[in-house]
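All remarks here apply to the structure that follows.
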There are 2 protein chains.
Amino acid sequence: MNVDVFQTLADPTRRRIVEALKGGELAVNDLVAQVDIQQSGVSRHLRILEEAGFVQVRPEGTKRLYSLRPEPFQELDAWVTGYRGLWEARLDRFGQALERRRKARTAHPKPEEEPP
Amino acid sequence: MNVDVFQTLADPTRRRIVEALKGGELAVNDLVAQVDIQQSGVSRHLRILEEAGFVQVRPEGTKRLYSLRPEPFQELDAWVTGYRGLWEARLDRFGQALERRRKARTAHPKPEEEPP
DNA sequence: CGTCAACATTCATGGACGTGTATATACATA
DNA sequence: TATGTATATACACGTCCATGAATGTTGACG
């Protein structure tokens, strides 16, 4: 997590890797198939993504399965939250109180419906 | 808006400018006072931010007042929303319904409390 | 142990980019 | 018009970085 979140996401190839991992963990070769650069480049991008906290590795045999980690996305979400006042009608102290109550509500949702 | 949102935000100086504009519109010299680079650099960053849709200009006499625009932040918010499932317990159709109800609520808040 | 597959790392290179210096443009005011 | 202030642009320079090619490393399996 030493590197910057935005700088890590600035590269389009890294974003393609991240988006490919949205569906679940993938091996390096699977990512090479989706991103049109060399395998060495994919490994380097994965290293950068790992140092930035975006991905984690899990060795499985001779393969290494990469998957996403939530922390940097949460950080990004927190950052953009500071600018929601630009397009939401009211995000003053009253609106923030509402927001806090919503967070508390969605953090402990009542299981009133079935998962599909 | 031709340039990439993440690439625009990758530069720390540009983020400082954006954060300085959170309080409202500012002239270029006001930003130069907050960012420790030359005035020419600030103007260049403002041009990049303008081309990316982050800021808009309003001439006032010999000054030019820059202010934030919501679109790129909304775009960023929409992007990170695609990854909320990583840390929220459930963001399936049920959770999205909750989310939609919250949005409808905060869009028309009843003035039932005083701001702290 | 030898071999193959999967992946990581090193090295060299070209291009993009942020910065400072200097100069240009626009506006206001006397 | 002349002068000063506010901002934008042109140019040159150094640095960072994404990429490909080549090589190194690790694990599975005969």
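Each chain gets a letter, A, B and so on, in the order the sequences are listed, and its residues count up from 1. Values in this document were obtained by computation on a predicted structure and should not be read as measured data.
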hbond_proxy [X] side chain to [N] base (donor-acceptor, 3.5 Å cutoff):
X	N	value
Ser40(A)	dT10(C)	no
Arg64(A)	dG27(D)	no
Gln39(B)	dA6(D)	no

* Residues Glu19(B), Arg15(B): salt bridge by 4.0 Å N-O rule -> no
* Structure fact -> Closest non-hydrogen atoms of Gln34(B) and Ala20(B), given as atom of the first, atom of the second and distance, are OE1-CB, 3.6 Å
* Write down the atom of Pro72(B), the atom of Val5(B), and the distance for their closest heavy-atom approach. => O-CG1, 4.1 Å
Which is true for [X] with a 4.0 Å heavy-atom rule: it touches a base, it touches only sugar-phosphate, or it touches nothing?
X	result
Gly41(A)	nothing
Gln38(A)	sugar-phosphate
Glu60(B)	nothing

Could you check how far [atom1] of [X] sits from [atom2] of [N], rounded to whole Å?
X	N	atom1	atom2	value
Ile37(A)	dC17(D)	CD1	C1'	13 Å
Glu51(A)	dA8(C)	CD	P	12 Å
Arg58(B)	dA6(D)	CZ	P	17 Å
Asp36(B)	dG18(C)	CG	P	15 Å
Phe6(A)	dC16(D)	CZ	C1'	20 Å
Leu46(B)	dT7(D)	CG	C1'	10 Å
Arg44(B)	dA16(C)	CZ	C1'	14 Å
Ile48(A)	dC16(D)	CD1	P	14 Å

Tell me whether the side-chain N/O atoms of [X] come closer than 4.0 Å to OP1 or OP2 in [N].
X	N	result
Thr62(A)	dA6(C)	no
Arg47(A)	dT9(C)	yes
His45(B)	dC17(C)	no
Asn29(A)	dC7(C)	yes
Tyr66(B)	dA8(D)	yes

* Would Tyr83(A) and Trp79(A) count as a close aromatic pair, with their ring centres under 6.0 Å? -> yes
* To do: To the nearest 0.5 Å, tell me how far Leu31(B) CG sits from Tyr66(B) OH.
  => 9.0 Å
Do [X] and [Y] have side-chain heavy atoms sitting under 4.5 Å apart?
X	Y	value
Val55(B)	Leu68(B)	yes
Leu65(B)	Val28(B)	no
Phe6(B)	Leu76(B)	yes
Ile17(B)	Val35(B)	yes

* Structure fact -> Which of dC11(D), dC7(C), dA6(D) is nearest the side chain of Lys63(B)? It is dA6(D)
* Structure fact -> The correct set of residues in residues 9-20 of chain A placing a heavy atom under 4.0 Å from DNA chain C is none
* **Between the first and last five pairs of the helix from dC1(C)-dG30(D) to dA30(C)-dT1(D), the angle of the axes, rounded to 10 degrees** => 10°
* **The single option from Arg14(B), Glu50(B), Arg16(B) passing side-chain hydrogen bond (donor to acceptor under 3.5 Å, both in side chains) against His45(B)** => Arg14(B)
